[in-house]
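A short write-up of the structure that comes next.
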Amino acid sequence: VSAPAGFGKTTLVSEWVAGCRRPAAWLSLDEGDNDPAGFLAYLVAALQTIAGNIGEGVLAALHASQLQPPPTESILTDLLNEITTIPDNFILVLDDYHIIDSKPVDNALAFLLEHLPPQMHLVIATREDPPLPLSRLRVRGQLTELRAADLRFTPAEAAEFLNQMMGLNLSAEDIAA
């Protein structure tokens, strides 16, 4: 889900998650998540809301080797192997991905996407396209995209919202403005 600020990305995704009746893990990103070890630790913590003991070995490896963390692909491979043991479909939401400005974090997420277990569905909410292999995912039919045009009200939708839902009784000119 990619659109500028104020288009309701987070609201849309949270409403969709609430209505889809699948377990969901939610990670709201901030500047501190540009550190790959921190990103992975928070990713595991989010996944633990789905399966309580998942990633304990990953967290132990991250904490035990603060000076020289293990290779990210190794950690992610271990985590992916654990994710495959989750029996049900679930959703992982990464909100505000546009804040991430770290090639190692982008690479970790690209690795995760390339090896995503079939029961795991990833939703990324962002203001700009992340540097991920989106073209490859499009070609494979593995990507559903919502953009600003999809989130923008049509004039009829705006009129219905403002006049019926909000009870404002505005003219067509006022709604267009």
Side-chain angles (χ1 to χ4, degrees), residues 1-3 8-66 68-100 102-127 129-146 150:
V1 181
S2 180
K9 298 176 295 293
T10 300
T11 301
L12 173 72
V13 172
S14 64
E15 289 290 323
W16 177 76
V17 165
C20 77
R21 298 184 184 163
R22 289 184 184 164
W26 192 287
L27 179 54
S28 294
L29 300 166
D30 62 32
E31 289 81 10
D33 296 316
N34 280 300
D35 169 55
F39 174 79
L40 291 172
Y42 286 123
L43 178 67
V44 168
L47 291 170
Q48 286 178 339
T49 65
I50 303 294
N53 60 350
I54 198 162
E56 290 177 352
V58 169
L59 290 177
L62 288 171
H63 290 112
S65 53
Q66 289 290 328
Q68 182 62 35
T72 302
E73 287 188 8
S74 169
I75 289 174
L76 285 173
T77 299
D78 291 345
L79 183 60
L80 286 162
N81 287 334
E82 290 187 45
I83 290 170
T84 62
T85 66
I86 298 173
D88 300 319
N89 285 331
F90 71 96
I91 300 161
L92 171 63
V93 177
L94 299 179
D95 194 19
D96 291 331
Y97 196 83
H98 58 274
I99 292 174
I100 299 299
S102 167
K103 188 78 170 154
V105 171
D106 292 334
N107 290 342
L109 188 57
F111 183 86
L112 182 68
L113 277 169
E114 194 63 33
H115 301 91
L116 203 65
Q119 71 271 34
M120 183 175 172
H121 305 276
L122 180 64
V123 176
I124 299 173
T126 183
R127 293 182 187 172
D129 284 358
L132 298 170
L134 301 180
S135 297
R136 186 176 9 197
L137 295 170
R138 280 185 200 106
V139 168
R140 293 179 183 167
Q142 297 175 318
L143 179 65
T144 301
E145 297 176 86
L146 293 176
D150 302 306

- Item | CG-CZ distance between Asn89 and Arg22, expressed to the nearest 0.5 angstrom | 4.5 Å
- Query: Any side-chain heavy atom of His121 within less than 4.5 Å of one from Phe90?
  - Reply: no
- Leu109 versus Pro130: any side-chain heavy-atom pair under 4.5 Å? no
- Item | Stepwise side chain to side chain contact (heavy atoms under 4.5 Å, CB included) test for Val13 and Asp95 | CA-CA 9 Å; Val13 172; Asp95 194 19; over 6 Å; no
- Thr72 vs Asn107 side-chain heavy atoms within contact, under 4.5 Å: no
- To the nearest 0.5 angstrom, please state how far the CD1 atom of Ile83 sits from the CG atom of Asp78. 11.0 Å
- So which heavy atom on Asn53 is nearest to which on Glu82, and how close? O-OE1, 4.0 Å
- Derivation and outcome, side chain to side chain contact (heavy atoms under 4.5 Å, CB included), residues Leu132 and Leu137: CA-CA 9 Å; Leu132 298 170; Leu137 295 170; 5.8 Å; no
- Checking side chain to side chain contact (heavy atoms under 4.5 Å, CB included) for the pair Asp96/Asp30: CA distance, chi angles, key distance, verdict? CA-CA 7 Å; Asp96 291 331; Asp30 62 32; over 6 Å; no
- Query: Does the side chain of Phe111 reach to within under 4.5 Å of the side chain of Ile75, using non-hydrogen atoms?
  - Reply: no
- Does Arg140 have any salt bridge (Lys or Arg N to Asp or Glu O under 4.0 Å) partners at least two apart in sequence or in another chain, and if so, which? Glu114
- Nearest 0.5 Å, what's the CG-CG distance between Leu112 and Leu40? 9.5 Å
- Task: Flag the pair Glu56 / Gln48 as yes when at least one side-chain heavy-atom distance between them is below 4.5 Å, and no otherwise.
- Result: yes
- Item | Whether Thr126 side chain and Ser2 backbone form a donor-acceptor pair below 3.5 Å | no
- Query: Are the side chains of Val1 and Tyr97 in touch, meaning some heavy atoms are under 4.5 Å apart?
  - Reply: no
- Query: Do you know the tightest heavy-atom contact between Ala25 and Ile50?
  - Reply: N-CD1, 3.7 Å
- Task: Would you check if the side chain of Lys9 reaches a backbone N or O of Ala3 as a donor-acceptor pair within less than 3.5 Å?
- Result: yes
- Task: Quick one: pull up CG in Leu80 and CG in Leu116 and give me the separation to the nearest 0.5 Å.
- Result: 7.5 Å
- Look at atom CD of Gln142 and say whether more than 12 heavy atoms of other residues, nucleotides or ligands are closer to it than 6.0 Å. yes
- Within 6.0 Å of OH in Tyr42, more than 12 heavy atoms from elsewhere: no
- Closest contact, heavy atoms only, Met120 versus Leu47: CE-CD2, 4.5 Å
- Task: Measure the CZ-CD1 distance between Phe39 and Ile100 for me, rounded to the nearest 0.5 Å.
- Result: 6.5 Å
- Query: Side chains of Glu31 and Ile99: closer than 4.5 Å at any heavy-atom pair?
  - Reply: yes
- Task: Return the minimal non-hydrogen interatomic distance between Ala46 and Leu92, and the atom names on each side.
- Result: CB-CD1, 4.4 Å
- Specify the closest pair of heavy atoms between Ala24 and Thr49, including all atoms of both residues, with the distance to one decimal. O-OG1, 4.0 Å
- Item | Shortest non-hydrogen contact between Asp33 and Val105, atoms and distance | O-CG2, 3.6 Å
- Task: Please examine the side chains of Val44 and Leu62, heavy atoms only from C-beta on, and report whether any two atoms are closer than 4.5 Å.
- Result: no
- Check side chain to side chain donor-acceptor pair (under 3.5 Å) between Arg138 and all other residues, then give those that pass, not counting sequence neighbours. Glu145
